[in-house]
Student: 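Got a structure here, written out as structure tokens. Questions coming.
Here is how names work: the chains are called A, B, and so on, in the same order as the sequence lines, proteins then strands, and each is numbered from 1.
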Amino acid sequence: MVQKLTPRSVDDSTWYTDVVQAAELADYSPVRGCMVIRPYGYAIWESMQQYLDQRFKAGGHQPAYFPLFIPQSFIQKEAEHIEGFAPQLAVVTHGGGEKLEEPLIVRPTSETIINAMYAKWIRSYRDLPILYYQWCNVVRWEMRTRLFLRTTEFLWHEGHTAHATADEAMKEVMAILDIYRELAQNEMAMPVIPGRKSDSEKFAGADATWTIEAMMGNKWALQAGTSHFLGQHFAKVFNIQFLDESNQLQMVWQTSWAVTTRLVGALVMVHGDDQGLRLPPRMAPIQVVLVPIWKTEEERCQVMAVAERVRAELGQHVRLKVDDRDDLSPGFKFNDWEMRGVPLRIELGPKDVQNNQAVLARRDMPARQNKCFVSLDALLSEVRKLLDDIQRNLYAQALRFRDENTFHPGNLEELTDAVGKGFARAYWCGSAECENRMKETTRATIRCVPMDQEKEPGHCVICGQAASEKAIFARSF
RNA sequence: CGGGGUGUAGCGCAGUUGGUAGCGCACAGCGUUUGGGACGCUGGGGUCGGAGGUUCGAGUCCUCUCACCCCGACCA
């Protein structure tokens, strides 16, 4: 159940797989590259789903479901799309014991099949905008996989919208990116940099891709969510046309966007420490765990009576678990729940019951030094306050870590040095030549051109030519 | 597909010059324990990744094969 974790400082990659398995978030499956998401890991994903689902619906989006299988010919319609995805496709060639007339692609993303349907449904400007999304699995045949961060099959939502104007579609792209940013920062306590992808990094078939990029605990970047402006690429190949107010035939403008179960891995990577997970309260399946302590049967009765009362009262307001397993020592449970990242622990023993108090220990600080007593009467308000505080503190810690590991190089040599240590924020002239040259010399990539920056003229960190924008350079997952 | 590594109990491992498989953890039962990873006793659990070969005899030697992990190329 509880095992020793490889310390992060020894091997961050082994630490990660240790934590994911020890905390029972996920396990390797019999199928190479695939994973089993266990209830605790799935509960974290559900926290993300619930937040996003409510945000999407509030913005007028509607969930729907499109099929897993896509006719091969659909995928092949958009040149850039097929070029991008061809190496990653899983193809079904047989069904019912017979070879299929046309092979079926297991969806790597659903632009093609959804847009084939949109072409059927859209006739008039009155049909627009269409704001659909679906929660589903997708399959991409990856070379190398890591639990949550990159698996052959993964879960996500994908939004697919169609609009009458480019302007409206762009607003949609930005609105969704903002929801992703808020999910990351406010719910996951994970600072992110919203920005635009370079052409080489953008979605295959998009005009432009916007992203939120986060720094993981090993100082690498992780693309945490993307929102694409598809322009009219798919409208053209699937012939999605409508009549506007003046009876003119027009092509729709489209967006697509997604975040995936990778975010569960991001949560682990960003906040975890040598003791295991540290979950931000807003995402934690269990926000507070109560560990009762007793010696004698009489003490057990007294303590459990109070524990039950706490469960009845506090349990209405926070996600609380009372760990009443009687075959494990309190010390074991402390370590166990810390490893599983529960933000706040209540210790309740005979002495506490006597004094009408409990001990609170927070996961975001070294526990032994930071325990505090709290009156049972003030438990709810204190727990609420601490959970808020933990949420804020985890964000602050992650932000400080990112800032401390972000550098501002002025030339290629400094850039090479910087991307070996963390993020580099530097001018880029925007040319693919410079991007390629940098990739070859540094093993890093351009993660994004941040939206939030002053447009002051400078000099490209690679070629020295005039440049007007800074980009984030980093090694990435 | 290249480089590295590992396959022996659920997990982690040991197994000598070939001689018929063991340790720790976990698991089950009982008892004592419980304020930072408790302890004792008893017990269950194995086609040694697979195939072939050498041998009186293979976890061990030889050949082939498969799987998985880590590092790269590809990617959310």
Student: For residues 185-210 of chain A, which residue pairs pass the ring pair (Phe, Tyr, Trp, His ring centres under 6.0 Å) check, not counting sequence neighbours?
Tutor: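 Qualifying pairs: A/His81-A/Phe203, A/Phe85-A/Phe203, A/Phe203-A/His228.
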
Student: Is any side-chain heavy atom of A/Arg107 closer than 4.5 Å to a side-chain heavy atom of A/Phe69?
Tutor: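 In short, these two side chains do not touch, never coming nearer than 4.5 Å.
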
Student: Might you list the N or O atoms of the protein lying below 3.5 Å from N or O atoms in nucleotides 68-70 of chain B, with each pair's distance?
Tutor:
from: B/rC68; atom 1: OP2; to: A/Arg32; atom 2: NH1; distance (Å): 3.4

Student: Can you tell me which nucleotide in B/rG36, B/rG35, B/rC74 comes closest to the side chain of A/Glu338?
Tutor: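 Of the options given, the side chain of A/Glu338 lies nearest B/rG36.
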
Student: Does any non-hydrogen side-chain atom of A/Glu435 lie less than 4.5 Å from one of A/Glu201?
Tutor: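 With C-beta onward as the side chain, the pair touches.
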
Student: Name all pairs fulfilling the side-chain hydrogen bond (donor to acceptor under 3.5 Å, both in side chains) condition that reach into residues 286-296 of chain A, sequence neighbours left out, sorted by first residue then second.
Tutor: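 As it turns out, there is no side-chain hydrogen bond (donor to acceptor under 3.5 Å, both in side chains) pair with a partner in residues 286-296 of chain A once direct neighbours are skipped.
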
Student: With sequence neighbours excluded, what pairs up with A/Glu308 under the salt bridge (Lys or Arg N to Asp or Glu O under 4.0 Å) test?
Tutor: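 Here the qualifying residues are A/Arg311.
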
Student: Now, which nucleotide makes the Watson-Crick or G-U wobble pair with B/rG44, with each of the two distances under 3.5 Å?
Tutor: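 Pairing partner: none.
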
Student: Please determine, for B/rU16, whether a Watson-Crick or G-U wobble partner exists with both distances under 3.5 Å, and give it or none.
Tutor: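 Checking every strand shown, B/rU16 finds no partner, since no pair has both distances under 3.5 Å.
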
Student: Provide the Watson-Crick or G-U wobble partner of B/rG7, both distances under 3.5 Å; none if there is no partner.
Tutor: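 Paired with B/rC66.
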
Student: Without decimals, in angstroms, what is the distance between A/Asp323 CG and B/rG35 P?
Tutor: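 One finds 13 Å between P of B/rG35 and CG of A/Asp323, rounded.
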
Student: Across all strands shown, which nucleotide pairs with B/rG31 by Watson-Crick or G-U wobble geometry, both distances under 3.5 Å?
Tutor: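 Matched B/rG31 with B/rC39 under the 3.5 Å cut-off.
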
Student: Where along residues 266-298 of chain A does a heavy atom fall under 4.0 Å from RNA chain B?
Tutor: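 RNA chain B contact set from residues 266-298 of chain A: A/Ile293, A/Trp294, A/Lys295.
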
Student: Does any donor-acceptor pair link the side chain of A/Arg443 with the base of B/rG72 at a separation under 3.5 Å?
Tutor: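 Under the 3.5 Å cut-off, the side chain and the base do not form any donor-acceptor pair.
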
Student: In the structure shown, which nucleotide is the Watson-Crick or G-U wobble counterpart of B/rA73, with both distances under 3.5 Å?
Tutor: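 B/rA73 is unpaired by these criteria.
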
Student: Mapping A/Ser476 and A/Gly349 to their closest nucleotides on RNA chain B, which lands nearer the 5' end?
Tutor: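 First, find each residue's nearest nucleotide; the 5'-ward one identifies A/Gly349.
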
Student: Base of B/rG36, side chain of A/Lys371 - is there a donor-acceptor contact under 3.5 Å?
Tutor: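 Present.
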
Student: Checking side-chain polar atoms at under 3.5 Å, does A/Arg146 have a donor or acceptor matched by the opposite partner on A/Ser13?
Tutor: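 Checked: A/Arg146/A/Ser13 side chains pair up, N/O donor to acceptor below 3.5 Å.
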
Student: Any base atoms under 4.0 Å from A/Lys197, or only sugar-phosphate, or nothing? Heavy atoms, all strands.
Tutor: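 A/Lys197: no heavy atom of the nucleic acid under 4.0 Å.
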
Student: Is it possible for you to check whether A/Lys77 lies under 6.0 Å from the centre of the six-membered ring of A/Phe74, through NZ or CZ, and within 45° of that ring's axis?
Tutor: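 Yes, a cation-pi geometry.
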
Student: Ignoring hydrogens and angles, state whether a donor on the side chain of A/Gln254 or A/Asn115 is under 3.5 Å from an acceptor on the partner side chain.
Tutor: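 Short answer, yes.
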
Student: Of the nucleotides B/rA38, B/rG72, B/rG35, which has the atom closest to the A/Phe332 side chain?
Tutor: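 The answer is B/rA38, which lies nearest to the side chain.
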
Student: Would you say A/Arg475 reaches B/rG72's phosphate, i.e. side-chain N/O to OP1/OP2 under 4.0 Å?
Tutor: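 Indeed, a polar side-chain atom of A/Arg475 lies that close.
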
Student: B/rG35, B/rA73, B/rG36: which one has an atom nearest the side-chain heavy atoms of A/Met143?
Tutor: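 When the side chain of A/Met143 is considered, B/rA73 is the closest of B/rG35, B/rA73, B/rG36.
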
Student: Side-chain donor-acceptor pair under 3.5 Å between A/Tyr133 and A/Asp53, yes or no?
Tutor: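 Checked: A/Tyr133/A/Asp53 side chains pair up, N/O donor to acceptor below 3.5 Å.
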
Student: B/rA58 pairs with which nucleotide, Watson-Crick or G-U wobble, both distances below 3.5 Å?
Tutor: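 Per the H-bond distance test, none.
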
Student: Both distances under 3.5 Å, Watson-Crick or G-U wobble: report the partner of B/rA26, or none.
Tutor: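 Pairing partner, where one exists within any strand: none, as none qualifies.
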
Student: Tell whether A/Asp352 reaches the base of B/rG35 with its side chain through a donor-acceptor pair below 3.5 angstrom.
Tutor: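 Yes.
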
Student: Once ring pair (Phe, Tyr, Trp, His ring centres under 6.0 Å) is applied, what residue pairs with a partner in residues 175-195 of chain A remain, sequence neighbours excluded?
Tutor: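 Sorted result for residues 175-195 of chain A: A/His157-A/Tyr180.
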
Student: Report yes if at least one side-chain N or O of A/Ser329 is closer than 4.0 Å to OP1 or OP2 of B/rA38; otherwise report no.
Tutor: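 Yes.
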
